[in-house]
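Shown next, in structure tokens, is the structure this report addresses.
So you know, we letter chains A, B, ... as the sequences are listed, proteins then strands, and number each from 1. These values consider heavy atoms only, across backbone and side chains, with no hydrogens, waters or symmetry-generated copies.
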Amino acid sequence: MKTYIAKRLLGAIPTLIFISMIVFVVIQLPPGDIVTSPLDRMQSQGVELSSEAIQNLRAQYNLDQPLPLQYLSWITNFVTGDMGYSYLFNRPVNELVGERIGYTLLITLSALLFTWAVAIPAGVYSAVRQYSLGDYALTTVMLVGLATPSFLLALIVMYFGYEWFGISIGGLFSPEYRDAPWSLARAGDFLSHLWIPMVVVGLGGTASTMRILRANLLDELNKPYVITARAKGVKPLKLLVKYPLRIAINPFISTIGFLLPTLISGEAIVSIVLNLPTTGPALVQALINQDMYLAGSFLMLLTILTIVGMLISDLLLAWADPRIRYE
Amino acid sequence: MSEVSAQLQARTLSPRQLVWLRFKRHRLAMASGYFLLFIYTVAAFCEFVSPYGTAWRNVQAINAPPMRVRFVDAQGQFHLRPFVYGYDMQVDDETWVREYTENSQKRYPIYFVARGESYQLWNLFAAERHLFTTGEQGYIHLFGTDQLGRDLFSRVLYGARVSLSIGILGVLLTLFLGVLLGGLAGYVGGLLDRAVQRAIEVLQSLPALPLWMALSAALPVSWSSLGVYFGITIILSLLGWPALARQVRGKFLSLREEDFVVSARMLGASKMRVIFKHMLPSFNSHLIATATLAVPGMILGETALSFLGIGLRPPVVSWGVLMQQAQNYQAIVLTPWLLIPGLFVVLTVMAFNLLGDGVRDAVDPYSTGGQS
């Protein structure tokens, strides 16, 4: 097990390096560089800068150096925990990230839990009562859920939240708690706002997860060992949970791998619609305004989040399934 | 007896006919196929089907709700020719919101295949007949209007042309990239194989939307609408090919040592010829199924990007661009009909998913569905 973990951890490093290069290239793609748009802004305000001052400014950000060197200085700073300065918000990127990444993580993880909390019972029910009315109903709901873009779902939730309950949905805090220090009341207010993005983001992955579990479980249910156990008089529920479900849930763990990118994508767009203080809205703002340090850091962190998640799912799988460990 | 004759008959069917027979048994997939055929035809002829162009404005109806097509008028009289009632507009004293009510005095009969606004079909043929129109004296807004008074029904149809074609175009590009890279990796093996596998792994672990966002934000603002359209298509396929390539690679690995491939190679056929002429045809039905299931991702991607304002940009009309108007809270509550384009997205994506499932089951009767 230890060698397996070590192998996986080491294997993730080249992936991360490769990805950091992709991210760097992507944020370099827009015309101009990070000093262009602040310069434009200054000049539109009537500030005249000498070409020498511009040169100095560019040198300050290593922009006069060739691209590979720029990449190296960017990634060393990133790894050592200095993510640069955001022009858009006029603050260090570290502060912005610190404020926002926690909420992203929280929403993504709670959405993951929600996905499982819905998908596992639904998948088991669908498999055990195959072709029943409930199975068809669940399959239909999931089919529609699979086809609904998460931002549309967020919009619909907003609409019905207003029409039925007369509440305005959006944000993670009520106005009176937005800038208040953490307290029990604020935490309660936060939780009452959290469930909406959790459900909206979570539903995106539910359909596919449920389908996989249903298919896995159906494969297992007709195997001889299940029939033997049933013939021996094992209680149906115990039988289900103790034997076929345990096996059917194994490949299920590996679905975290593809679920996480989906959830993180969903979180980004849902946060924009619902106006949540997470990484998604800031990323879009940064991209539109070519705030390179901010965009690059967010992209990088979201990707790292995904890769770490996949790593954990691989390790979990190895823990649950000895065949993988000894391969 | 009848069973035997059925078996005898089945024996004379070609594999293609068998696939078709199996596919026809999937009612939902068939229905989805017909629906898609219908909506693609409408999108192709959207200039004719829609009563107005995308820029046509009705200043009397700003943010007006959808109209109801009627046969019976306010007096209870039945008319064979359907009609709509025009709007009456009041401004609410307190909220300053425009409110529309139907005015039964303004009755606009609907004429079919009649003269209306002139247009260029496919930018080629000048025409002025529309499938339905109320003519000069009235107006018809089946899905209501937006904040500039533009007809949402017409714009949804024009948007369908862009959104639906991006789906197909993107998948064709994905298919090309996936088959080429997956095929080479599986066929040549060695270093190339490892490089492609690594690339697949990396690209599949990236959260698609943030990366799409970054790439499409990098498209120069100065590009023409057509340039942005192709740019977005390419961006969508850049992250789409790995899944396909992985599948193709697996197939190629197993096919590489088959007799017919070996003999083709022995006869001196080039790599490309072996890949495209000999190996691909043996599993192109699987490719069709995979491609069908990949279309929704493309459509959803375009919609999401345009919705965020970093994909296609007005004056191009796509479903995502249309949804952009429904982004803020007020718009949804006051003008919920602006969400109608979203309904079309859901229906189309659902139809593609069902069709893809049906095709996959038809070409591969042993697949259980669910896992790809």
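Neither the backbone nor the side chain of A/Leu218 comes within contact range of chain B; no heavy atom of the residue lies under 4.5 Å from a heavy atom of that chain. Heavy atoms of A/Leu299 lying under 4.5 Å from chain B belong exclusively to its side chain. If you measure heavy-atom distances from A/Tyr159 to chain B, the contacts under 4.5 Å come from both the backbone and the side chain. For B/Ile310, the part lying near chain A is the side chain, with the backbone staying farther off; criterion is any non-hydrogen pair under 4.5 Å. Both the backbone and the side chain of A/Val144 come within less than 4.5 Å of a heavy atom of chain B. Residue A/Leu155 touches chain B through both its backbone and its side chain, counting heavy-atom pairs closer than 4.5 Å. Of the two parts of B/Pro296, neither the backbone nor the side chain holds a non-hydrogen atom closer than 4.5 Å to a non-hydrogen atom of chain A. Using a 4.5 Å cut-off between heavy atoms, B/Leu354 contacts chain A through its side chain alone, with no backbone atom that close.
The CD1 atom of A/Ile22 sits 7.5 Å away from atom CG of B/Leu211, with the distance rounded to the nearest 0.5 Å. Put simply, CE on A/Met158 and CG on B/Leu339 are 10.0 Å apart, with the number rounded to the nearest 0.5 Å. Note that CE of B/Met323 and CG of A/Leu152 are 4.5 Å apart. Values are rounded to the nearest 0.5 Å.
Contact detail for A/Ser265 and B/Pro210: the closest heavy-atom pair is OG-CD, 3.7 Å. The two residues B/Val346 and A/Pro149 make their nearest non-hydrogen contact at CG2-CD, 4.1 Å.
Every residue two or more places apart in sequence or in another chain that forms a ring-ring contact (aromatic ring centres under 6.0 Å, His included) with A/Phe24 is listed here: A/Tyr71, A/Trp74.
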Checklist entry - Stepwise, does the side chain to side chain contact (heavy atoms under 4.5 Å, CB included) test hold for B/Leu209 with A/Ile269? => result CA-CA 8 Å; B/Leu209 192 71; A/Ile269 195 161; 3.6 Å; yes
Checklist entry - Checking side chain to side chain contact (heavy atoms under 4.5 Å, CB included) for the pair A/Ile272/B/Phe307: CA distance, chi angles, key distance, verdict? => result CA-CA 10 Å; A/Ile272 293 161; B/Phe307 174 76; 5.8 Å; no
Next on the checklist: Walk me through whether A/Phe151 and B/Leu308 qualify under side chain to side chain contact (heavy atoms under 4.5 Å, CB included).
Outcome noted: CA-CA 10 Å; A/Phe151 68 87; B/Leu308 291 177; over 6 Å; no
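Other residues, nucleotides and ligands contribute more than 12 heavy atoms inside 6.0 Å of the CZ atom of A/Arg100.
For the pair A/Thr148 and B/Met350, the minimum side-chain heavy-atom distance is 4.5 Å or more.
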